[in-house]
Number of protein chains: 4
Amino acid sequence: MSPKVSDEYKTMMREKILEASITLFSRKGYHETSMDDIVEESGFSKGAIYGYFDSKEALFIELQKKFATLNYLELKAVIDKEKTALAKLERTADLVFASMCEVSEEMCLMDLEFQVASSRSPKMRKQHRFQQMAVMKLLEDTIKEGIESGEFRKEVDANSLAAILISAIGGLSNLMVTAGIKFKWDKIKEALVSTVRSGITV
Amino acid sequence: MSPKVSDEYKTMMREKILEASITLFSRKGYHETSMDDIVEESGFSKGAIYGYFDSKEALFIELQKKFATLNYLELKAVIDKEKTALAKLERTADLVFASMCEVSEEMCLMDLEFQVASSRSPKMRKQHRFQQMAVMKLLEDTIKEGIESGEFRKEVDANSLAAILISAIGGLSNLMVTAGIKFKWDKIKEALVSTVRSGITV
Amino acid sequence: MSPKVSDEYKTMMREKILEASITLFSRKGYHETSMDDIVEESGFSKGAIYGYFDSKEALFIELQKKFATLNYLELKAVIDKEKTALAKLERTADLVFASMCEVSEEMCLMDLEFQVASSRSPKMRKQHRFQQMAVMKLLEDTIKEGIESGEFRKEVDANSLAAILISAIGGLSNLMVTAGIKFKWDKIKEALVSTVRSGITV
Amino acid sequence: MSPKVSDEYKTMMREKILEASITLFSRKGYHETSMDDIVEESGFSKGAIYGYFDSKEALFIELQKKFATLNYLELKAVIDKEKTALAKLERTADLVFASMCEVSEEMCLMDLEFQVASSRSPKMRKQHRFQQMAVMKLLEDTIKEGIESGEFRKEVDANSLAAILISAIGGLSNLMVTAGIKFKWDKIKEALVSTVRSGITV
DNA sequence: GATGAATGAGTTTTCATTCAT
DNA sequence: TATGAATGAAAACTCATTCAT
């Protein structure tokens, strides 16, 4: 009697469009992906897509939000599960390197797109900043915990180290997809972990 | 008649166009910069620019090449000047952080543009890869030197560490311009240097 | 089962939709008003509106009909109430200027929309023509009455004068809303009435 | 040696585009005329048209300006040629009715388009107001002249009468194209002139 | 070689109308 | 009969590139 659909239905449709967009944005990049591409890939009509998202940019921003939230939650879960600070950091490394290694390049490419977009649009920068800060805080707090518990040296600068760690990981991800370097992730992880470990533990 | 004069002239003209393009690409990004913008900023005519460069993309690639070459040479000069491996790494850190700190964001934004472009175009990726590899080799060799000279521990993985260092620095640069974070560069540098130092020195 | 109830109900619904549309068409114009605007303003669903009107244009035509009929009846009532031809014309002036002055610009803007639409669509032109002719006839007959009763000069061309009067009034209305001129309606009316009076009375 | 073209050339091209646009705007109306229509009618490419005009609206505004300027100058020339105020008004009537009669409906339709546009866009309203005011002033001054010279009665309200005259003429033009009424222009003119004459002359 | 007017495919977005429910 | 999600043609506008002069 009514085409009024449930909220779940709507969410599902949005999800489908976002799904199709990820594929395209990561494969071709934001600018090279046209709404027509999304129409074709998603199977929706133009009007339908604009019914769910105000604009191409809005769709992209939504995507970033979704992405970052997932990453954050995943990381938080891992950190919360461990007891010692060192273990938390090591599990974090495991998680991050596993995702770079397995999930292939799609995610890293998406991430790069988000970065450029954030460097140009104040709106996206604000969001990106918020997300990066949240992740950094997670690491920073973990390091501080380690200092307080006596695991790490007192003179360690938690804030700076967190920034460095997050940057190193982001940088490796970028390097992989921009330079096409096939890293030996095991060795890289081992090097990072051992350097940091001997660099900060008592 | 004299090809030399003609070539010098050509090079000068090309240089002027590249100069104008840097400003625009870093300020607005590759896609948002139009050839008309470059015409206006450079003072050249459209035809002239197309006389010097085959396409917008070719101009951009040329720019990347110029950029990377300069960076490489600058870094090499610094490294060659020092004696000990540790000093080489420390001077490298000085150079890199000074440029991020002083030259402000223009260069970092340019770099980000190069990264995305490299992730999309095989031609640019090849070039980017070559450049990154060259810089990585510089660091790797320095670390190996340190190991051989007894400065660094034998078990240090030179190759991986070089990749991590270059990634950390690239990542910090990106984070600054994408998240708008105002890092305290002094503290970051200190943290990076001291962590690495105590992480790898004997 | 009972068609009468159904019809009344239908008419009421149509009336509500028309009401909402007037507001929008006069405020934003025909082209700038979307069916979605009407949906929002009227509170009806899209399907409902299309159930009552075949198309946006049909709705608009209906509106014009309603509008013109009201105007005609109002004018006729005024004219019928008076005895002498001069008084009829003067009361007409009173009515017309009062409405321009009070009802403000909404009606004038609507009228302008009807005019353009009439200039483009044969269907609307036919309707507009019929309505304008009816009003003109009212004035023409009044003038003829005046001539026959000896109030007005014999050589007065009733038909032409009616056209002029109706045009002057329409023109003033248009000028107000298109040029944003704030007329001193009292003085304008006085000038019109006195010029016509001394121009046609014996 | 250079495709740099003269200013005359540019003006000529603009003129051609404007010419094609008049035809379309008057035939189909502003909204119903697409840039593709103008491309086809003018023979120019889309890019070329946008090279000469910033937008569809800008093109339309330019057209209005051109139109109004011509009308004003034509009217001014006629008025300046005559000596007595009455003759000036009569020649004005001649000019106006001749143009409505001869130039057919194209101009009147254009005018109607300008009116609606002016009722919606502040920019166009400003321009329209300025033009209408200029014409009104011409009439007002003429009437004032007549009063001072003793041709017209002292109690005539020059300002109001000018507004009425300009409205009557505009209204007749509109009525012709919106109601499709075939006026007998000779008789209308005669009626207007004689009514005004006996209504204001001493 | 130099110029910049011209090209036109391609972009994002809108909106009257339909129709499955 | 009512609903509003879906449609898709059409709109305004952009811009890398070409080429007549």
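Every chain is numbered from 1 and lettered A, B, ... according to where its sequence line falls, protein lines coming before strand lines.
Within 4.0 Å (heavy atoms only), Tyr50(B) reaches at least one base atom of the nucleic acid. Looking at heavy-atom distances under 4.0 Å, Gly51(B) makes no contact with the nucleic acid at all.
The nearest whole Å value for the distance from the NZ atom in Lys16(A) to the P atom in dA6(F) is 10 Å. Atom CE in Met12(D) sits roughly 15 Å away from atom P in dA5(E) (whole-Å rounding). If you take CD of Glu40(B) and C1' of dT3(E), they are 17 Å apart, rounded to a whole angstrom. In this structure, Met35(C) atom CE and dT7(F) atom C1' are separated by 16 Å, rounded to whole Å. Rounding to whole angstrom units, CZ of residue Arg14(A) and C1' of dA6(F) are separated by 16 Å. The CG-P distance, from Asp36(B) to dC13(F), rounds to 17 Å in whole Å. With rounding to whole Å, Leu59(D) atom CG is found 10 Å from dC13(F) atom P. Taking atom CG on Asp37(C) and atom C1' on dT14(E), their separation rounds to 12 Å, with Å as the unit.
Looking at heavy atoms from C-beta onward, Lys66(C) lies in side-chain contact with Glu15(C) at the 4.5 angstrom threshold. Between Tyr30(D) and His31(C) the shortest side-chain heavy-atom distance does not fall below 4.5 Å. Residues Lys46(B) and Asp36(B) form a side-chain contact, since some pair of their non-hydrogen atoms from C-beta on lies under 4.5 Å apart.
Under 4.0 Å is where a charged nitrogen must lie from a carboxylate oxygen, and between Arg27(C) and Glu106(C) no such pair does. Looking at Glu57(A) and Lys123(A), no side-chain N of the basic residue comes within less than 4.0 Å of a carboxylate O on the acidic one, giving no salt bridge.
Between Tyr9(A) and dA5(F), a side-chain N or O to OP1/OP2 separation shorter than 4.0 Å is absent. Using a 4.0 Å cut-off, some side-chain N or O of Lys56(A) falls inside it from OP1 or OP2 of dT12(E).
In this structure, Phe114(D) and Phe60(D) have tilted ring planes: the angle between them lies in the 30° to 60° band.
Of the two residues contacting DNA chain E, namely Tyr52(B) and Ser55(A), the nearest-nucleotide position lying further toward the 5' end is that of Tyr52(B). Projected onto DNA chain F by closest heavy-atom contact, Phe44(C) and Thr33(B) fall at different nucleotides, the more 5' of which corresponds to Phe44(C). Where Gly47(C) and Glu32(A) meet DNA chain E, the nucleotide closest to each residue was compared, and Glu32(A) sits on the side nearer the 5' end. Both Tyr30(D) and Gly43(A) lie close to DNA chain F; mapped to their nearest nucleotides by heavy-atom distance, the more 5′-ward contact belongs to Gly43(A).
With sequence neighbours left out, Lys28(B) forms a side chain to side chain contact (heavy atoms under 4.5 Å, CB included) with Leu24(B), Glu32(B), Thr33(B), Asp37(B).
Under 3.5 Å, the side chain of Lys46(D) and the base of dT7(E) form no donor-acceptor pair of N or O atoms.
The closest side-chain donor-acceptor pair between His128(B) and Gln115(B), if any, does not fall under 3.5 angstrom.
Here the side chain of Ala48(A) is nearest to one of dT17(E), dA6(F), dA6(E), namely dA6(F). With dT12(E), dA2(E), dA12(F) as the candidates, the nucleotide lying closest to the side chain of Ser45(B) is dA2(E).
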For DNA chain E, the dot-bracket pattern of Watson-Crick and G-U pairs whose distances stay under 3.5 Å, | for other-strand partners: .||||||||||||||||||||
